Student: 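Quick one: structure below, then a few questions.
Letters A, B, ... mirror the listed sequences (proteins, then strands); counts begin at 1. Quick caveat, the model's predicted, so the values are computed rather than measured.
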Amino acid sequence: MRSVAEIEALLEEVKDPEIPVISIRDLGVLRGIELIGNSVEVTITPTYSGCPAMDMMRAGVEDALRKAGIRDFKVKQVLSPAWTTDWISAEGRRKLLEYGIAPPPHSADIRALKGKSPAVACPQCGSTDTELLSRFGSTACKALYQCKACKEPFDQFKCH
Amino acid sequence: MTREEALFRAVLRMGDNNLVLGHRLSEWCGHGPVLEEDIAQTNIALDLIGQTRNLLTYAGELEGKGRSEDDLAYLRGEREYLNVQLVELPKADYAFTIARSFLYDAFHLPLQQALTESRDEHLKAIAGKAVKEVTYHLRHSSEWLIRFGDGTEESHRRAQEAVDELWRYTGELFVPDEAEELLAKDGTLPKLTDLKAEWSATVDRVLNEATLKRPADGWMAGGGKKGVHTEHLGPMLAEMQILQRTFPGVEW
């Protein structure tokens with residue numbers, strides 16, 4: 001039987017299929033690992049209600065457990081408490097930026113919720129002279145920006 | 001009507017409203033007026049259909065007859081759909097699509113906000129996720145309605161015509177049926193008349209900024225909540241359901 005820490009390490013290889021550099025733990029989708037007798041129970045939560053990547057993440061968890069020889073497991077999906085971008089780890093935010101996606105503002109920043117977004121820095125050149133092109137980007141969780149300094153368009157993980 | 005029956009009906013209706021509007025918005029996929037809007041509408045459709053999945057799964061559990069979210073979505077006929085008529089009207093032009101979304105979003109947001117305080121834990125959890133999504137939807141439809149209303153002569157004309165045409169379908173949103181009345185008494189659902197005040201304030205604010213006129217209240221359409229629909233829902237369901245109807249039980 002493996003420990004919770006070992007299982008957590010093994011689930012590190014399960015990535016968000018849309019952003020393959022960030023693990024489900026960094027994303028905050030992995031909510032818990034419990035050992036009940038000889039069984040492992042993994043709890044995950046969706047980012048958006050209609051996130052099509054959820055089924056793939058669930059399958060990823062199941063594959064990772066099976067590959068490690070764990071047969072007795074259950075993957076449980078919960079809605080509450082509702083996922084928020086505040087659960088993305090510091091490591092996750094760093095990886096997003098490196099990947100070319102501006103990390104989300106903190107939801108406690110009321111400007112983000114009121115629609116008056118604080119300045120979003122370009123992940124390419126760092127300039128804050130950027131412009132929102134569309135609140136809806138390539139996936140449900142991202143908005144589309146363009147940097148006025150280096151002209152590069154980029155995705156921003158939006159506050160949620 | 002027992003409380004369980006009422007809850008099944010009310011949850012089913014919320015799912016149907018979102019599913020039908022989600023399907024109408026998905027019809028813009030590949031046909032959006034500009035690329036960004038094509039993507040926006042499909043994202044919003046995805047949110048609505050995701051919320052539908054949560055709601056219909058819950059409805060199936062409440063009913064206790066073993067019907068899944070897919071059974072409820074794909075194997076019910078037109079008269080068994082309980083959505084308001086507002087959401088089933090054809091997408092028409094972009095001004096119409098935006099105006100319809102706006103009138104629905106302005107109702108949907110306070111509904112979800114109220115449901116985050118529902119005494120039903122399941123509805124509360126679903127709303128806890130949906131509320132942030134719907135905030136984005138309302139912002140999107142408001143901004144576009146303002147842009148159209150306060151835009152060119154042509155965009156103003158089309159936006160005003162859309163609002164005028166849609167107005168008679170907004171009444172139904174706020175007329176509770178027996179199930180909704182019952183559930184408002186014990187704090188499972190908000191009172192629809194309470195939501196109306198907030199809807200009305202949002203509508204006034206946005207129409208005013210869009211330089212559009214609020215139509216006078218006249219005759220209001222109804223019946224959708226009882227399963228009586230316009231001639232448009234049937235053909236829409238035929239298209240949406242054809243795969244499951246032709247190949248029962250087919251899976252990806």
Student: Quick check, are the ring centers of B:Phe148 and B:His156 under 6.0 angstrom apart?
Tutor: no
Student: Sub-4.5 Å heavy-atom contacts with chain B: which residues of residues 26-56 of chain A show up?
Tutor: A:Pro46, A:Thr47, A:Tyr48, A:Ser49, A:Gly50, A:Pro52, A:Asp55
Student: Tell me the closest heavy-atom pair linking A:Val14 and A:Gly60, and the distance in Å.
Tutor: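 Result for this residue pair: CG2-O, 3.6 Å.
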Student: Taking the six-membered ring for Trp and the single ring otherwise, decide whether the centroids of B:Trp144 and B:Phe102 are under 6.0 Å apart.
Tutor: no
Student: Should B:Arg205 and B:Glu209 be marked as a salt bridge (Lys or Arg N to Asp or Glu O under 4.0 Å) after you check the CA-CA gap, both sets of side-chain angles, and the distance that decides it?
Tutor: CA-CA 6 Å; B:Arg205 179 174 55 77; B:Glu209 202 177 333; 5.0 Å; no
Student: Relative to A:Phe154, does A:Lys142 satisfy both conditions: NZ or CZ under 6.0 angstrom from the six-membered ring centre, and within 45 degrees of the ring's axis?
Tutor: no
Student: With a cut-off of 6.0 Å (strictly less than), are more than 12 heavy atoms of other residues, nucleotides or ligands near CD of A:Glu6?
Tutor: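 It does: A:Glu6 CD has more than 12 such atoms within range.
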Student: For the pair A:Arg93 (side chain) and A:Pro104 (backbone), establish whether a donor and an acceptor sit closer than 3.5 Å, ignoring hydrogens and angles.
Tutor: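 Confirmed, A:Arg93 side chain pairs with A:Pro104 backbone.
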Student: Do the non-hydrogen side-chain atoms of A:Leu144 and A:Phe136 ever get within less than 4.5 Å of each other?
Tutor: no
Student: Under a 3.5 Å distance rule, please check whether B:Thr211 uses its side chain to pair with a backbone N or O of B:Leu207 as donor and acceptor.
Tutor: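 No; judged by distance alone, with no hydrogens or angles, the pair does not exist.
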Student: Using a 4.5 Å heavy-atom cutoff, which residues in residues 40-58 of chain B come close to chain A?
Tutor: B:Ala40, B:Asn43, B:Ile44, B:Leu46, B:Asp47, B:Gly50, B:Gln51, B:Arg53, B:Asn54
